[in-house]
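Worksheet for the structure shown next.
What you see is a predicted model, and the numbers here were worked out from it, not measured in a lab.
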Number of protein chains: 2
Amino acid sequence: MAGEATWAASAATDPELACPVAPVVDIVFSRWTTPILWTLHTHGRQRFVELQRRIDRITPKVLTQRLRQLERDGLIVRTYHPEVPPRVEYEISELGRSLAPLFAHLAEWSAEHLDEVERARNDYDTDPAR
Amino acid sequence: MAGEATWAASAATDPELACPVAPVVDIVFSRWTTPILWTLHTHGRQRFVELQRRIDRITPKVLTQRLRQLERDGLIVRTYHPEVPPRVEYEISELGRSLAPLFAHLAEWSAEHLDEVERARNDYDTDPAR
DNA sequence: CGGAATCCCTAACGATACTG
DNA sequence: CAGTATCGTTAGGGATTCCG
């Protein structure tokens, strides 16, 4: 299987690092980044308030922080329109768009295995051996 | 592209949820879980101390917490051997193994795009417009 | 509108013991 | 060996207010 080969190979060529995917995980899967990228991807270019409305329970402060981080990492593009009132638009960059297959893969795994996780949790919690 | 289609479809069928992959992210990409799963996958079944040695700078307390969580989610299997001194072995479960292609996909994206992120960061940090 | 500034608070992590 | 117990710390997030 290609997947296994790639995984093993990466680890083999990087003996120093316990987990070669750690950097990517920090970039793509740190808190709030997934909903933000997802929203930008599915609804296209949009303004700050639209993002805030669509992403449940996120505060403007945290939204700003994460947007800045994603912009710095090159995953999204921020466009400032010097008008009154000011208008700012965010959109996914080309680099951000390259994550689409990965996210699709994730959604696929979720659809196939999430209930299995749920069952495992029930088993664990109801097992009297604990 | 199949990736785009799946992504969009999942979001469309789940209007309530801002991000359909959020649950999986919590399970698979919460702190320390990636290095643990990676180590168990590449080195096979191993004991507590081996894991602790291989995963840089993790404390026994945190390692225990994460191992319990992964066991509860069904991603790893814990085997207790009642001997003196006690021996406990951890290994990836079938469910955990099903993540292999996903991790490979992640490693692939990393190899292809991580330097691009690095460049974006440099550009962002050195841009005098900020 | 799109944030920045401030204050607060707690969940999580780290370090250091100790035990069956 | 494989953890638990206890304590201390801190980074991250929430709530609120204010500004260009």
Side-chain angles (χ1 to χ4, degrees), chain A residues 18-19 22-23 25-37 39-40 43-73 76-92 124 127 129-130, chain B residues 18-19 22 25-37 39-40 43-73 76-91 124 127 129-130:
Chain A
C19 177
V25 172
D26 276 348
I27 293 168
V28 181
F29 298 109
S30 61
R31 200 134 197 247
W32 291 113
T33 58
T34 333
I36 292 175
L37 288 176
T39 304
L40 283 177
H43 297 281
R45 174 193 307 161
Q46 53 199 299
R47 308 176 63 167
F48 188 87
V49 274
E50 301 182 89
L51 282 169
Q52 192 182 353
R53 262 194 303 267
R54 287 197 171 109
I55 300 170
D56 200 35
R57 319 194 59 65
I58 196 170
T59 62
K61 171 189 159 188
V62 175
L63 181 55
T64 302
Q65 289 176 343
R66 311 272 69 131
L67 286 173
R68 290 284 186 279
Q69 178 192 321
L70 289 169
E71 187 196 0
R72 188 172 103 98
D73 291 345
I76 67 175
V77 177
R78 178 182 185 265
T79 312
Y80 176 76
H81 304 272
E83 312 166 355
V84 251
R87 189 161 56 91
V88 177
E89 290 185 315
Y90 294 92
E91 60 185 321
I92 289 232
Y124 186 96
D127 186 348
R130 283 173 234 290
Chain B
C19 177
V25 172
D26 275 349
I27 294 167
V28 181
F29 298 109
S30 60
R31 201 139 193 238
W32 291 112
T33 58
T34 332
I36 291 174
L37 289 175
T39 303
L40 282 176
H43 297 280
R45 175 192 305 161
Q46 53 199 299
R47 309 173 66 165
F48 188 86
V49 273
E50 302 181 89
L51 282 168
Q52 192 182 353
R53 261 195 301 267
R54 287 196 169 110
I55 300 171
D56 200 34
R57 320 195 57 66
I58 196 170
T59 62
K61 172 189 158 188
V62 175
L63 180 55
T64 302
Q65 289 176 342
R66 310 275 67 134
L67 285 173
R68 289 284 186 280
Q69 177 192 321
L70 289 170
E71 187 196 2
R72 188 173 103 99
D73 291 344
I76 67 175
V77 177
R78 176 181 186 269
T79 312
Y80 176 76
H81 305 271
E83 312 167 355
V84 252
R87 188 162 55 94
V88 177
E89 290 184 314
Y90 294 92
E91 60 186 320
Y124 185 95
D127 186 348
R130 281 172 235 292

Does a nitrogen or oxygen in the side chain of [X] sit under 4.0 Å from OP1 or OP2 of [N]?
| X | N | result |
| --- | --- | --- |
| A:Y90 | C:dG3 | yes |
| B:R47 | D:dG3 | no |
| A:R66 | D:dG12 | no |

Rounded to 10 degrees, the angle between the two terminal axes of the helix from C:dC1-D:dG20 to C:dG20-D:dC1, each from five pairs
50°
Nucleotide [N], atom [atom2] - distance to [atom1] of [X] in whole Å:
| X | N | atom1 | atom2 | value |
| --- | --- | --- | --- | --- |
| B:L51 | D:dC1 | CG | P | 14 Å |
| B:Q52 | D:dT4 | CD | P | 13 Å |
| A:H81 | C:dC1 | NE2 | P | 15 Å |
| A:L67 | C:dA4 | CG | P | 11 Å |
| A:Q46 | C:dG2 | CD | P | 11 Å |
| A:E50 | C:dC1 | CD | C1' | 12 Å |
| A:I55 | D:dG13 | CD1 | P | 13 Å |
| A:E89 | C:dG3 | CD | P | 12 Å |

For [X], check side chain to side chain donor-acceptor pair (under 3.5 Å) against everything at least two apart and list the hits.
| X | value |
| --- | --- |
| A:S30 | A:Q69 |
| A:R31 | none |
| B:Q46 | B:R54 |

Counting only side-chain heavy atoms from C-beta out, which of C:dG2, C:dC13, C:dG3 sits nearest to A:R78?
C:dG3
For nucleotides 14-20 of chain D, which of its nitrogen or oxygen atoms have a protein nitrogen or oxygen under 3.5 Å away, and what is each distance?
residue, atom, partner, partner atom, Å
D:dG14, O6, A:K61, NZ, 2.4

Qualifying residues under salt bridge (charged side-chain N to carboxylate O under 4.0 Å, His left out), relative to [X], sequence neighbours excluded:
| X | answer |
| --- | --- |
| A:R66 | none |
| B:E50 | none |
| A:R68 | none |

Where B:R47 and B:P86 come nearest, the two heavy atoms and their spacing:
NH2-O, 3.7 Å
Those residues at least two apart in sequence (or on a different chain) that pass ring-ring contact (aromatic ring centres under 6.0 Å, His included) with B:F29 are A:F29
Taking the nucleotide of DNA chain C with the nearest heavy atom to each, does A:P85 or B:Q65 sit closer to the 5' end?
A:P85
Are A:I92 and A:L37 packed together at the side-chain level, in the sense that at least one heavy-atom pair is separated by less than 4.5 angstrom?
yes
